[in-house]
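Below is one structure, written out as C-alpha cells, with a few remarks after it.
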Amino acid sequence: MKNYDHKIIEKKWQEEWEKNKLYKVDDTVKGKENFYQLVEFTYPSGNLHVGHWYAFSVPDIFARYKRMSGYNVLYPMGFDAFGLPAENAAIKLGADPKIWTYEHMDKMRLQLRSMGASFDWDREVVTCDPKYYKWTQWMFNQFLKNDLAYRDVTKVNWCPKDMTILANEQVVDGKCERCGAEVEQRDQEQWMLRISKYADRLIDDLDTLDWPHEIKSAQKNWIGRSEGSEIEFGIKNVEEKIKVFTTRADTLFGVTYVVLAPEHELISKLKDKIENWNEVEKYISDTKKKSELDRQQSKEKTGVELKGIKAINPANNEEVPVWIADYVLAGYGTGAVMAVPAHDERDFEFAKKYNLPIKEVIAEIVGDRNKDAIERNRVCAIIENNGKVLCDETNENQTKFGGNYVLVGGGIEEGETPEDALIREVREEVGLNIDITKFKKIQTLRSSWYSERRKCFRTMLHHAYVVNIDITQIKENTKEAKLIWVDIHEAIKNFKKVDNLCQAKILEKYLASKDLFYDGNGELINSSKFNGLASEEARKKITEFVGGKLVNTYRLRDWGISRQRYWGVPIPIVYDIEGKAHPVPDEHLPWLLPTDVDYKPDGTAPLARSKELLERTEKIFGKGWKPEVETMDTFVDSSWYFYRYLDNNNDTEFADKEKINSWMPVDLYMGGAEHTTMHLLYSRFWVKALFDLGLVKDSEAYTMRRNRGLILGPDGNKMSKSKGNVIDPDEIVERLGADTVRLYLAFMGPYGVTVNYPWDPNGVVGVRRFLERVWKLQEKIDKNFTEQSNLLHKTIKGIDQDIKEHKYNTCISKMMILLNGLDKQEKISEEIYKTLLQLLAPFAPHTTEELWADLGEKESIHLSLWPKYDEALTKDDEITIALQVNSKVRAEILINIEETEEEIKQKALKNEAILKHLEGKEIKRVVYVKNKLLNIIV
RNA sequence: GCUGGAGUGGCGGAAUUGGUAUACGCGCUAGUCUUAGGAACUAGUACCGCAAGGUUUGAGGGUUCGAGUCCCUCCUCCAGCACCA
C-alpha cells in the first residue's frame, strides 16, 4: 500500500478533471432532470479565507450528491468584481482598479480550484466585464422606459470617508457598513428604482417560497407594511388640511393634539398665523443640526406648540393644539400624527411632559365579551401603603368578585358619574372625604361573566382609580365595609384564583406604570355613537365616518442606486443642453467605463473628470451634451447574475429564453445571512421587474434558500487580523489536504442553518485520521470475499435522509460508524469498500477518486451512480429493547423482531433486575412500544 | 422595546419527532509499541458515589405510563429592526 499523500493526489486529480472537462454542464441532458444550485459569487478580494471554503466547498458536497443521484447539476462560480476595495486600493497604491481586480481574480481562480469544487468554469461571470455590464445597463434602460427608474432629490446617507451615498441597508447603527464612519444626511439628486411599488408582492410572494422562516420574517420586517388610515384634520380659519396616518383610527375621539414633523411643508405655509414663529424656527433649525444618530439617541421627547394654530378633529369638531416635534418623522406616513396619549406610548410621554390632556377612549376587554348581558358599572380604588393595598372583606362568595376580599369600591348608581361614585364609595367604606385632586384614573376595563346567583350574563365597565389619602385617618371598620390590608402580590394571586381578573389586571398595571395608558385593542368608550364597538371594527367605521381612507404604509423606501465612485457600472444616461436626461440608446451599449480618470474621491464623481467620456458623449449626441457621471450600486450587478451563468457569452440577449426555461428558477440557493435584507431583497425586486416586462418566466428566482452560519476563530470570536485568530486555509490545505478541510467544515455541524461554529485545530486532525483509516482499510479487501452488511444499508439510508437536509455532520458520523464496523472485521469485500468510497466521494472527491482508480476503475467515481439500499436489509432480526419499571430503565434484553408482546413480557418477568423492582408490588399496567421498550407500571 | 432564532458533557454536536439522553468527533485518563511523540493502537470517559444506587437536557410548573421534544410562567445568549404613528 502506498502512502496517503494528499498533495500529489489532489494536484493530480484537479488537473485530470480540468483536462477531461469533468464538470462541464450541458443545458439539457436526455433522461436527466436539471438542478440549478447557486451560491453567492465572490468579491475578488485576492485571498480565499475559511469563509469562502465554507461557502463553496460544503455546498459542493450537495452538488456532487445530486449529480451522482442522476441530476444534470449546474453549480457555477463567478466574480462580483465591481466595488470599493479595488478603488480604495487604487487610491492607496496608485494602481489601476481594473488591473488590481483582474490580478486578484487570477489568484482566486487558482485558490478556488484547490478546493476541488465541481464548478463549471466555462460559465464564469465577471460583473466588471463590459460584456456583462452591457446587460446591466440594458436592463436599467428597460426600467427607465417602464417608469421603474426615475431621478429624484431625496435625503441620502452620505459617507464622508468613502465619499459616496449609501443605501439604508448599508448604514449600520448610523455608521457606514464598510468603513465605520458616521453617516451624514444630505439632500441629493439621484437615480432611484421603484422597489417600493413592489412592497406588497415582496411580502405576499414569500409565502410561495421554501425559505427559512427567519429570512421571511426579516424581509417582512424590513419592508414594514402597516395597515392604517389617512385622516384629514381641518385647521381653524385656514384652508389647509393636516393629513395624518394612523393605524388606530378607533382612537380618533381620544386625540388631544396633533404633531407635525419639523420638516413638514405645512409649517412654512402657516408662518403668518404662528404667533411664536421665532421659537418654532429655532426648533426646526436645531432639529436640522442633529444627526440621525443624535435624533435617535435622545430619549427625551421635545417639541414646540404652534401657537395660534388649532386643528379640528373631524370626528367631533373639537379644536386641538398643533405641535411640532422630532419624534415624528418626515419620511414616514404623512409626516404628521394625531396624538392619542391614552393609547400610544410616545404620545403619552409627550403629553405628560407638556401637560397635555389625556383622554381615554378604549376599554381593555378582560375575559369574554357578551353584549347581551345586563350592565352594571363599577368603580374601584387602589389605596396603597407600603406594598399593601386596602381591601374590603366580603362574604359574597357566589358573585364574580367572590373570594375573601375585593378592592375598595362599588357600583355606580343611576345618574352618577364614575367620579361621583368613587367619592361616595370611598367615603362610605373608608370613612374619609376625598376631593378630585386626590385621585387619578388608571384604566377602564370591560368584563363579562355569567352570574350564578342571578342566572344571567352580566357585564360591566370597571373604572379603576388610584386614590391618595391620609392612611392614618382610615377607620378599619365602617358600617359599609370591613377593611383589611393585603400585600399587592398576594392580592393579585388571589384575584386570579377567584377569577376576579379585572382587579388582578388593575393591580398589575398599577405596579408596572401607575398611569393611564393602554395601547392594545378593546372596546370604544367616550366615542359618541361608536361606543361599544370593538377596535378592529371601529377602525373601518370611523375612517369611513370622517371621510378618510384605508391605506398601507411601508418602511421600505425606493432604492437609490447612484454612487459617486469610479469602479462600477456607468449609469447609461446623457443630459442635453437643457439638462434633461436621456437614456443612452441600446446600440451604444455597453456604455464603457472611461479609463482616463483620477480616482481620488473629492465628493464629486470621478467620471466627471474624464475627458474621454465627455468627448464620447458630445461626439455621439452633440455639442453641449453631458454624460451622467455616477455609477451604479454594486447590488445592481448581483441582482441578475444567476441568469448570465446560463448563457454567459450571449451578445444579443442577457440570456437565451430557452436556456432560462431549462434552468430557472434556481433550485437551491445557499449563502450568507448578511444578505437577507439586501441582495436577497434587491434581486427579488429585480426579477419581479423583469417578469413584469415579460423578460423572464418566473416572478421569483430562488425556490429554496438556506442561510449558512459563520466559521469563528478557535477562541470563539469572529476571525479578524487584530484578534490574531485567523485560520489560513491555504496552510491547512498544504499540511492536511483539501479533502480534510472540506470534510472538517462539513463535520462541524448542520449546514444551512444560521449557527456559527468555532474552528477547532484538533478537530481537523480528527477528520484527517478518518481519511487515513479509510485509506488503510483497503488492506483488508479480500477479492474472494462477499458479504451482506445490514450496517452498510443502514448507512446509505441514513446518509440519504440527512444529506437532503444538509446535515453533512451526521452523514460523516454515519460513515465513521460504518468504518468502525468494517475495521473490526478480519477482511472486507471489495464491493463494500467501493460503496463506502462512493458515499464519501462528494465529501472527499480527490481521495476517493484515487482509491477508486487504484481498484482498477477506468471512469471517474464522480460519474458513478449513488449507491442504493435495500429497505429489508436496514432492519435487524434481533434488537435490544429496554425493560422499564415505572418508566425507569432497569434492564436491556435482546429479542427477536418476531417476538410478541406476551413473549417479551414473560421474558421480562424472569429478568432478575426487573424482579428486584417488582418485589412485593402489584403490576397495574404494562406499556409495550414495538421495537423500543416494555414498561411495567406497579 | 418589537421581531426572529437558540440554550443538551470540558468542547463541536447526536437523539428515527413523545419511547433506552449524551451517537460521531475533539479533548482528557490509563495502557501497548516506540530513541522520541503534538504518531499509531487498545480500554475508559455526562455528574455524584467504593458500591448498590441516585441525579441530569437554562429555571420553575403542567399534560402523560413515559418529556431534550408538547403546554404555561420566567431567565440568559445571538441576530435583525428600532420614536414607523
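Throughout, protein chains are lettered first and strands after them, A, B, ... in sequence-line order, and every chain is numbered starting at 1. Predicted model, so just to flag it, every value in this text is computed and none were measured. Worth knowing before you read on, the calculation uses all heavy atoms, side chains too, and leaves out hydrogens, waters and symmetry mates.
- Comparing the P positions of B/C2 and B/C50 gives an interatomic distance of 50 Å, to the nearest angstrom.
- A side-chain donor-acceptor contact under 3.5 Å links A/S720 to the backbone of A/K723.
- Atom CD of A/E300 and atom P of B/C83 are 16 Å apart (whole Å).
- Within the nucleic acid shown, A/E214 comes within 4.0 Å of sugar-phosphate atoms alone, with no base atom in reach, counting heavy atoms only.
- Base orientation for B/G9: syn, the chi torsion being within 90° of 0.
- For A/N820, the listed nucleotide lying nearest its side chain is B/G25; candidates were B/A14, B/G4, B/G25.
- Note on A/T880: a base of the nucleic acid sits closer than 4.0 angstrom, heavy atoms only.
- Both distances falling under 3.5 Å, in either a Watson-Crick or a G-U wobble arrangement, place B/G60 opposite B/C72.
- Considering only heavy atoms from C-beta on, A/E892 stays 4.5 Å or farther from A/L883 through its side chain.
- With B/A21, B/A85, B/U3 as the choices, the nucleotide that has an atom nearest any side-chain atom of A/S217 turns out to be B/U3.
- As rounded to the nearest Å, B/C24 and B/A79 have C1' atoms that lie 29 Å from one another.
- Within 4.0 Å of A/Y757, counting heavy atoms only, lie sugar-phosphate atoms of the nucleic acid but no base atom.
- At least one donor-acceptor pair closer than 3.5 Å links the side chain of A/H343 to the backbone N or O of A/V361.
- Rounded to an integer number of Å, the gap from A/R346 CZ to B/A82 C1' is 11 Å.
- At a threshold of 4.0 angstrom between heavy atoms, the contacts of A/V765 with the nucleic acid are absent.
- A distance of about 24 Å separates the P atoms of B/A39 and B/C47, rounded to the whole Å.
- With B/U20, B/A15, B/G80 as the choices, the nucleotide that has an atom nearest any side-chain atom of A/K807 turns out to be B/A15.
- Base-pair partner of B/G53: B/C48 (Watson-Crick or G-U wobble, both distances under 3.5 Å).
- Taking the P atom of each, B/U73 and B/A52 are spaced 43 Å apart, rounded to whole Å.
- Using a 4.0 Å heavy-atom distance criterion, A/P212 is classed as making no nucleic acid contact.
- Nucleotide B/C24 forms a Watson-Crick or G-U wobble pair with B/G12, both donor-acceptor distances falling under 3.5 Å.
- Distances were taken from every side-chain heavy atom of A/S887 (C-beta onward) to each of B/G53, B/G66, B/G25; the shortest belongs to B/G66.
- Side-chain atoms of A/N221 lie closest to B/G80 of the nucleotides B/G80, B/C65, B/G12.
- Nearest-nucleotide assignment on RNA chain B puts the 5′-proximal partner with A/D802, out of A/D802 and A/D347.
- Remark: C1' of B/C24 and CZ of A/R773 are 11 Å apart, rounded to the nearest angstrom.
- Using a 4.0 Å cut-off between charged side-chain N and carboxylate O, A/E772 and A/R768 make a salt bridge.
- With both ends at atom P, the span from B/C70 to B/U57 equals 15 Å, rounded to whole Å.
- Within 4.0 Å of A/L933, counting heavy atoms only, lies at least one base atom of the nucleic acid.
- Residue A/G333 is out of contact with every strand shown, counting any heavy-atom pair closer than 4.0 Å.
- The closest side-chain heavy-atom distance from A/K359 to A/V340 is not below 4.5 Å.
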Should A/D519 and A/R248 be marked as a salt bridge (charged side-chain N to carboxylate O under 4.0 Å, His left out) after you check the CA-CA gap, both sets of side-chain angles, and the distance that decides it? CA-CA 10 Å; A/D519 63 5; A/R248 294 298 303 269; over 6 Å; no
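- Across B/G25, B/U16, B/U20, the shortest atom-to-atom separation from the side chain of A/Q884 is found for B/U20.
- As rounded to the nearest Å, B/A46 and B/G10 have P atoms that lie 11 Å from one another.
- Taking a pair to require two hydrogen-bonding distances under 3.5 Å in either a Watson-Crick or a G-U wobble arrangement, B/U32 pairs with B/A40.
- A/E349 places its CD atom 14 Å from the P atom of B/G1, with the value rounded to the nearest Å.
- Applying the 90° criterion around 0 to the glycosidic angle, B/U32 comes out anti.
- Nearest nucleotide to the side chain of A/D326, out of B/C83, B/G12, B/G5: B/C83.
- The interatomic distance linking A/M748 (CE) with B/G13 (P) rounds to 9 Å, in whole Å.
- Among the atoms of the strands shown, none is found under 4.0 Å from any heavy atom of A/K794.
- Of all nucleotides listed (B/C83, B/C81, B/A85), B/C81 comes nearest to the side chain of A/W222.
- Checking B/C2 for Watson-Crick or G-U wobble geometry (two distances, each under 3.5 Å) identifies B/G80 as its partner.
- Proximity of A/R555 to the phosphate of B/C83: no side-chain N or O atom is located under 4.0 Å from OP1 or OP2.
- Within the 4.5 Å cutoff, side-chain heavy atoms of A/V926 are placed close to those of A/K905.
- Residues A/N790 and A/T874 have side chains not in contact (no heavy-atom distance under 4.5 Å, counting atoms from C-beta outward).
- Heavy-atom nearest nucleotides on RNA chain B were determined for A/I817 and for A/P758, and the one closer to the 5' end corresponds to A/P758.
- Separating the P atom of B/G25 from that of B/C72 is a span of 39 Å, rounded to the nearest Å.
- Counting non-hydrogen atoms under 4.0 angstrom, A/R225 reaches nothing in the nucleic acid.
- Contact annotation: A/R769 side-chain N/O to B/A40 OP1/OP2 distance is under 4.0 Å.
- For A/N762 against B/C26, no side-chain N or O and base N or O form a donor-acceptor pair under 3.5 Å.
- The side-chain contact (heavy atoms from CB on, under 4.5 Å) check on A/E536 picks up A/N521, A/A534, A/R539, with sequence neighbours excluded.
- Remark: C1' of B/C81 and OH of A/Y554 are 18 Å apart, rounded to the nearest angstrom.
- Contact annotation: A/T676 side-chain N/O to B/A79 OP1/OP2 distance is not under 4.0 Å.
- Nearest nucleotide to the A/V337 side chain, out of B/A14, B/C83, B/A85: B/A85.
- Across B/C77 and B/U17, the matching P atoms stand 35 Å from one another, rounded to whole Å.
- The nucleotide whose nearest atom lies closest to any side-chain atom of A/N935 is, among B/G19, B/C83, B/A23, B/G19.
- Within the 4.5 Å cutoff, the side chain of A/I215 has heavy atoms near those of the A/Q219 side chain.
- Atom pair A/K888:NZ and B/U56:C1' shows a separation of 12 Å (rounding to whole Å applied).
- In this structure, A/K905 atom NZ and B/C65 atom C1' are separated by 14 Å, rounded to whole Å.
- In this structure, B/A67 forms no base pair with any nucleotide, since neither Watson-Crick nor G-U wobble geometry is met with both distances under 3.5 Å.
- Contacts of A/N886 with the nucleic acid, taken as non-hydrogen atoms under 4.0 Å apart, are absent.
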